[in-house]
Amino acid sequence: MVVGMGAVATTLIAGVEAVRKGLAKPIGSLTQMGTIRLGKRTDNRTPLIKDFAPLASLDDIVFTGWEIFPENMYEAASHAQVLDSDHLKSIKPFLEEIKPMPAVFDQHYVKRLNGTHVKQGKSKCDLAQQLIADIQNFKSKVERVVVIWTGSTEIFLESSAVHQSLAAFEKGLVDNDPNIAPSQIYAYAALKEGIPFANGAPNLTVDLPCMIELSKVTGAPICGKDFKTGQTFIKTVLAPAFKSRMLGVAGWYSTNILGNRDGEVLDDPESFKTKEESKLGVLDFILQPELYPDLYKNIYHKVRINYYPPRGDNKEGWDNIDIFGWLGYPMQIKVDFLCRDSILAAPLALDLVLFLDLAQRTPELKHLGIQEWLSFYFKSPQTAPGLYPEHDLFIQSMKLKNTLRHIQGEELITHLGLEYYD
């Protein structure tokens, strides 16, 4: 069940169908194309992850969701202009059959959009109950459900009194508390029904005490927020490289141009603030300036996003990185990443759906609430309260694969390797 059936969602849905029909390969999806080493390097045991872990098959996935515009998925995908018309025409009947349900929406939280296909209710509690009814109806037709947010970025919110307990949150729904945004209503409805929830945007949604409480009670896994796709993906590759070689960073300037609906929404300062917080946090946690003050204490980190309609979904991200090495001598690195936003996000969304479904079917993981092993996919990983998040992409990858080894009863890989030299 997909919340926000625009560019990312239609690229995901159309892509899965194209793969099922043998028209394309699921490139970018770890669950579909990745392998996992088992045992020693000399054992030559490296199965595909989808053959090792009991993941749902692509053939078994059924899509539905909510959207603030009434277009079916073929119309929405055509308007998004991410996929070529030839790609879409080959699966047109399938896409035309998927029509979104009316969404919970309030323009106060996403200023640049004006939805026409929205639910009406006398309170936020009423809207939550309508979503729960939608979920229950879909549950009656399928075996298991996962909900994923691929909608727009909401305005910046901070945790408040209404978020401190499940009881306070449920009272806030009845009282129409303004600190409860639509994404939180979706998350509540899903978790209340015992459904895992993934958040592809930087909204304040499940990273709240009330949602963690509900997640543990109902056994509905949650994870981080904001898909790690373009510029931040590259940042979490380069920053660990600098730190591993003890190279200093004086400044990191990042700017983007983006012309899709996401770019339009982020043109609003309040929505950009939410995204900025997510993007800025990465370097501090990776570089750990408190441990390495000579290298990173005075880093100047700036992030900008500019709405530029001609570019559409083909985002361009520029990074200027001022580093310094031996004896403090300065150097520069410049990166120009001409990426396709939804093409990078779609396989992440697919992996998260499949891994969250696996987590819910795994007794050891189901009632943990937060699935830190899925940090690999997010700009803002979610961790236990008081525990700093791990942003290093390679550590995240090791954590994810070791979790799969652990739940499948295989030996964990530490990469020590001394046994080869006995």
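Residues: numbered from 1 along the sequence shown.
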Distance-only, no hydrogens or angles: does the [X] side chain make a donor-acceptor pair with backbone N or O of [Y] under 3.5 Å?
{"X": "D84", "Y": "D86", "answer": "no"}
{"X": "Q408", "Y": "F52", "answer": "yes"}
{"X": "E96", "Y": "Y74", "answer": "no"}
{"X": "R361", "Y": "P54", "answer": "yes"}
{"X": "N199", "Y": "N203", "answer": "yes"}
{"X": "T362", "Y": "L358", "answer": "yes"}
{"X": "Q371", "Y": "C223", "answer": "no"}
{"X": "R20", "Y": "L58", "answer": "yes"}
{"X": "S165", "Y": "A168", "answer": "yes"}
{"X": "D351", "Y": "T31", "answer": "yes"}

With a 4.5 Å heavy-atom cut-off, do [X] and [Y] have their side chains touching?
{"X": "L258", "Y": "N306", "result": "no"}
{"X": "L350", "Y": "Q32", "result": "yes"}
{"X": "I407", "Y": "L365", "result": "yes"}
{"X": "P389", "Y": "F285", "result": "yes"}
{"X": "L400", "Y": "F355", "result": "yes"}
{"X": "S78", "Y": "L88", "result": "yes"}
{"X": "I370", "Y": "I212", "result": "yes"}
{"X": "F169", "Y": "L214", "result": "no"}

Quick one: [atom1] on [X] to [atom2] on [Y], what's the gap to the nearest 0.5 Å?
{"X": "L166", "Y": "L208", "atom1": "CG", "atom2": "CG", "value": "12.0 Å"}
{"X": "M33", "Y": "K50", "atom1": "CE", "atom2": "NZ", "value": "8.5 Å"}
{"X": "H117", "Y": "E71", "atom1": "NE2", "atom2": "CD", "value": "10.5 Å"}
{"X": "L204", "Y": "S160", "atom1": "CG", "atom2": "OG", "value": "8.5 Å"}
{"X": "L113", "Y": "D106", "atom1": "CG", "atom2": "CG", "value": "12.0 Å"}
{"X": "F337", "Y": "T229", "atom1": "CZ", "atom2": "OG1", "value": "8.0 Å"}

Indicate the atoms forming the closest heavy-atom contact of [X] with [Y], along with that distance.
{"X": "K379", "Y": "F227", "value": "NZ-O, 2.6 Å"}
{"X": "N179", "Y": "L157", "value": "O-CD1, 4.0 Å"}
{"X": "H367", "Y": "T218", "value": "CE1-C, 4.2 Å"}
{"X": "D319", "Y": "S254", "value": "OD1-OG, 2.5 Å"}
{"X": "P100", "Y": "M73", "value": "CD-CE, 4.3 Å"}
{"X": "P381", "Y": "H391", "value": "CD-CE1, 3.2 Å"}

Can you label the angle between the Y186 ring and the W149 ring as parallel, tilted or perpendicular, going by 30° and 60°? perpendicular

Going through the distances and angles, do Q184 and H163 end up as a side-chain hydrogen bond (donor to acceptor under 3.5 Å, both in side chains)? CA-CA 10 Å; Q184 296 170 23; H163 300 124; 2.9 Å; yes

Show me the donor-acceptor pairs, under 3.5 Å and distance only, between side chains in residues 414-421 and residues at least two apart or in other chains.
| from | atom 1 | to | atom 2 | distance (Å) |
| --- | --- | --- | --- | --- |
| T414 | OG1 | L416 | N | 3.3 |
| Y420 | OH | R41 | N | 2.6 |

Checking salt bridge (charged side-chain N to carboxylate O under 4.0 Å, His left out) against E410, which of R45, K401, R405 comes through? R45

Is it the case that the side chains of [Y] and [X] hold a donor-acceptor pair, with the cut-off being a distance below 3.5 Å and no angle test?
{"X": "E316", "Y": "Y308", "answer": "no"}
{"X": "K315", "Y": "Q231", "answer": "no"}
{"X": "E154", "Y": "S183", "answer": "yes"}
{"X": "T205", "Y": "K225", "answer": "no"}
{"X": "S123", "Y": "N176", "answer": "no"}
{"X": "H406", "Y": "E364", "answer": "yes"}
{"X": "T236", "Y": "D392", "answer": "no"}
{"X": "S159", "Y": "Q164", "answer": "yes"}
{"X": "N314", "Y": "R311", "answer": "no"}

Start with the C-alpha gap between I68 and T116, add the side-chain angles, then the distance that decides, and say whether side-chain contact (heavy atoms from CB on, under 4.5 Å) holds. CA-CA 6 Å; I68 65 173; T116 58; over 6 Å; no

List, one per line, each side-chain donor-acceptor pair under 3.5 Å for residues 128-144, sequence neighbours excluded.
| from | atom 1 | to | atom 2 | distance (Å) |
| --- | --- | --- | --- | --- |
| Q130 | NE2 | Q120 | O | 2.8 |
| D134 | OD2 | W66 | NE1 | 2.8 |
| D134 | OD2 | K119 | NZ | 2.8 |
| Q136 | NE2 | E193 | OE2 | 3.2 |
| K139 | NZ | E193 | O | 3.3 |
| K139 | NZ | E193 | OE1 | 3.2 |
| S140 | OG | N137 | O | 2.5 |
| R144 | NE | D357 | OD1 | 2.6 |
| R144 | NE | D357 | OD2 | 3.4 |
| R144 | NH2 | D357 | OD2 | 3.0 |

State whether K192 and E170 are salt-bridged, where the test is any N-O pair (Lys NZ or Arg NE/NH1/NH2 against Asp/Glu carboxylate O) under 4.0 Å. yes

Considering only NZ, NE, NH1 and NH2 on the basic side and carboxylate oxygens on the acidic side, decide whether K124 and D177 come within less than 4.0 Å. no

Trace of the side-chain hydrogen bond (donor to acceptor under 3.5 Å, both in side chains) decision for K99 with N72: CA-CA 4 Å; K99 301 177 176 66; N72 65 48; over 6 Å; no

Verify the neighbour count for atom CD of Q288: are there more than 12 heavy atoms of other residues, nucleotides or ligands below 6.0 Å?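 Yes, the 6.0 Å shell around CD holds more than 12 heavy atoms from other groups.
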
Whether K302 engages the ring of Y253 as a cation-pi pair (distance to the six-membered ring centre under 6.0 angstrom, angle to the ring normal within 45°) should be assessed. no

